[in-house]
Amino acid sequence: MKVVKFGGSSLASATQLEKVLNIVKSDSERKFVVVSAPGKRDQADTKVTDALIKYYRAYVEEGDVTPHQEWIINRYAQMIEELELKPVVLEKITKSILNLATLPIEDNLFLYDSFLAAGENNNAKLVAAFFNKNGLNARYIHPKDAGIFVSSEPGNARILPSSYDKIEELTNFEEVLVIPGFFGVTKDNQICTFSRGGSDITGSIIAAGVKADLYENFTDVDGIFAAHPGIIHEPDSIPELTYREMRELAYAGFSVLHDEALIPAYRGKIPLVIKNTNNPNHPGTKIILNHTDKAIPVVGIAGDSNFVSINMSKYLMNREVGFGRKVLQILEELNIRWEHMPTGIDDLSIILRESELTPIKEEEILRQLRQKIEVDHAEIEHGLSIIMIVGEQMKSHIGLTATATKALSDNKINIQMISQGSSEVSIMLVVNSEQEKAAIKALYEAFFNKHKKLEV
Ligand code: ASP
């Protein structure tokens with residue numbers, strides 16, 4: 001049994017829906033189909049979810065909701081017409097979109113979520129009708145009936161562990177089930193969404209719940225690339241990644257899949273594959289628990305900017321009991337999350353995301369470091385990028401850091417900091433943001449192009 005999730009661009013038009021139908025029909029194991037709301041047809045287009053946000057704003061600010069309602073209904077109407085579906089499909093969708101503007105505004109924590117969820121919910125109805133018309137026995141199922149019960153956290157729901165037993169019962173259905181992604185219901189029957197892009201999470205939850213053999217996540221790229229295609233021209237696509245490698249790459253900016261989507265599939269030990277709706281014969285990228293064969297040591301190189309480093313030094317720091325705790329306490333009291341903490345004998349740096357700081361917080365940190373902890377020197381350095389060289393097999397290879405540092409020094413790139421966790425899944429380098437792209441290019445050349453030349 002397979003769970004298949006289609007993203008917004010795969011469901012944006014009648015042409016795309018034909019591809020989706022062929023994909024589902026071509027494999028009888030594809031029993032559960034999770035859908036996003038219709039996405040963009042081209043760069044200038046608007047996603048239905050974004051249109052629903054505008055509709056919500058007009059409604060709560062008592063503006064004119066009609067143009068928003070018309071735009072959204074028309075978006076579905078166009079597809080329904082092209083796919084020659086029965087008028088009743090459009091009637092139901094129209095009713096549901098208009099109904100949103102009758103929901104109570106006062107004391108309704110879940111109003112925004114109800115608007116957003118309508119994108120996926122109506123699309124699932126449309127897709128199920130389309131499947132049935134084309135000889136695929138399908139059934140639309142609401143997340144409540146599917147058993148997707150979530151915490152009461154509007155816009156950021158989490159699945160309740162008790163949901164999984166009910167979800168498993170979905171295996172009793174004969175039909176292909178079409179399930180809207182992105183939301184669940186709370187115990188008090190309120191619609192509550194995951195964070196944006198959350199249909200990936202629904203797919204993962206269903207896959208874990210029905211104990212699928214595979215979770216196929218269909219998007220519009222041939223899987224995950226070894227480096228960002230905006231930086232490296234036609235980078236290799238990665239055939240196989242472990243969950244841990246994916247987590248490291250996602251952390252540093254690889255955003256093909258929603259971060260939280262990995263968790264249910266990972267816990268359920270379900271392999272996941274990222275595939276392209278527009279090129280379904282491409283094998284895509286498989287995300288698994290452990291590599292099947294001897295994978296290459298470095299699977300990908302990711303980079304992310306907008307990092308800051310709080311640097312401090314104090315003579316004989318290593319002898320002072322509790323120094324690290326005091327520093328971290330300053331951050332904790334200011335409600336600041338930090339990411340990495342490379343240290344020397346008498347110096348320590350804390351790397352965090354720029355968004356965690358404000359000028360006032362920065363001043364306060366420096367003041368406390370100087371006055372409370374009496375450091376000799378403290379400064380805050382902006383404009384940093386982190387580069388992650390990722391690969392689980394790095395631990396069984398010697399000299400990878402040497403390859404990386406040589407590639408960077410040959411290209412006159414200064415490494416500000418370097419760190420490797422004990423699990424050796426990644427090597428993290430900190431460089432000046434102006435040199436980030438050049439660093440990724442140099443590292444890609446060293447690990448991938450050189451590797452290719454060696455293979456020849
Ligand atoms: N439609 C939602 C969004 O745009 C969820 C999704 O597509 O996964 O965020």
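Just follow the structure's listing: the first ligand is 1, and inside any ligand the first atom is 1.
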> Is the F448 ring parallel, tilted or perpendicular to the Y444 ring (thresholds 30°, 60°)?
Replying inline: parallel
> What class does the angle between the rings of H142 and F183 fall in, given that below 30° is parallel, 30 to 60° is tilted and above 60° is perpendicular?
Replying inline: perpendicular
> Counting from 1, what ligand 1 atoms have a heavy atom of R196 closer than 4.0 Å?
Replying inline: 3 (C), 4 (O), 9 (O)
>> Between K31 and E174 (side chain of the first, backbone of the second, donor and acceptor by atom type, cut-off under 3.5 Å), is there such a pair?
In response: yes
> Does an N or O anywhere in G197 fall below 3.5 Å from an N or O of ligand 1?
Replying inline: yes
> What protein heavy atom sits nearest atom 6 (C) of ligand 1, and how far off is it?
Replying inline: S199 OG, 3.3 Å
>> Between D213 and K2, does any side-chain N to carboxylate O distance fall below 4.0 Å?
In response: no
>> With a 4.0 Å cut-off on heavy atoms, is G181 in contact with ligand 1?
In response: no
> Which ligand 1 atoms, with their elements, are less than 4.0 angstrom from a heavy-atom of S36?
Replying inline: 6 (C), 7 (O), 8 (O)
>> Strictly distance-based, threshold 3.5 Å: is any side-chain N or O of D42 a donor or acceptor partner for the main-chain N or O of D45?
In response: yes
> Y59 and F115: aromatic ring centres closer than 6.0 Å?
Replying inline: yes
> Looking at ligand 1, does G198 have a heavy atom less than 4.0 Å from it?
Replying inline: yes
> So which of K5, H258, E120, K47 gets nearest to atom 2 (C) of ligand 1, if we judge by its closest heavy atom?
Replying inline: E120
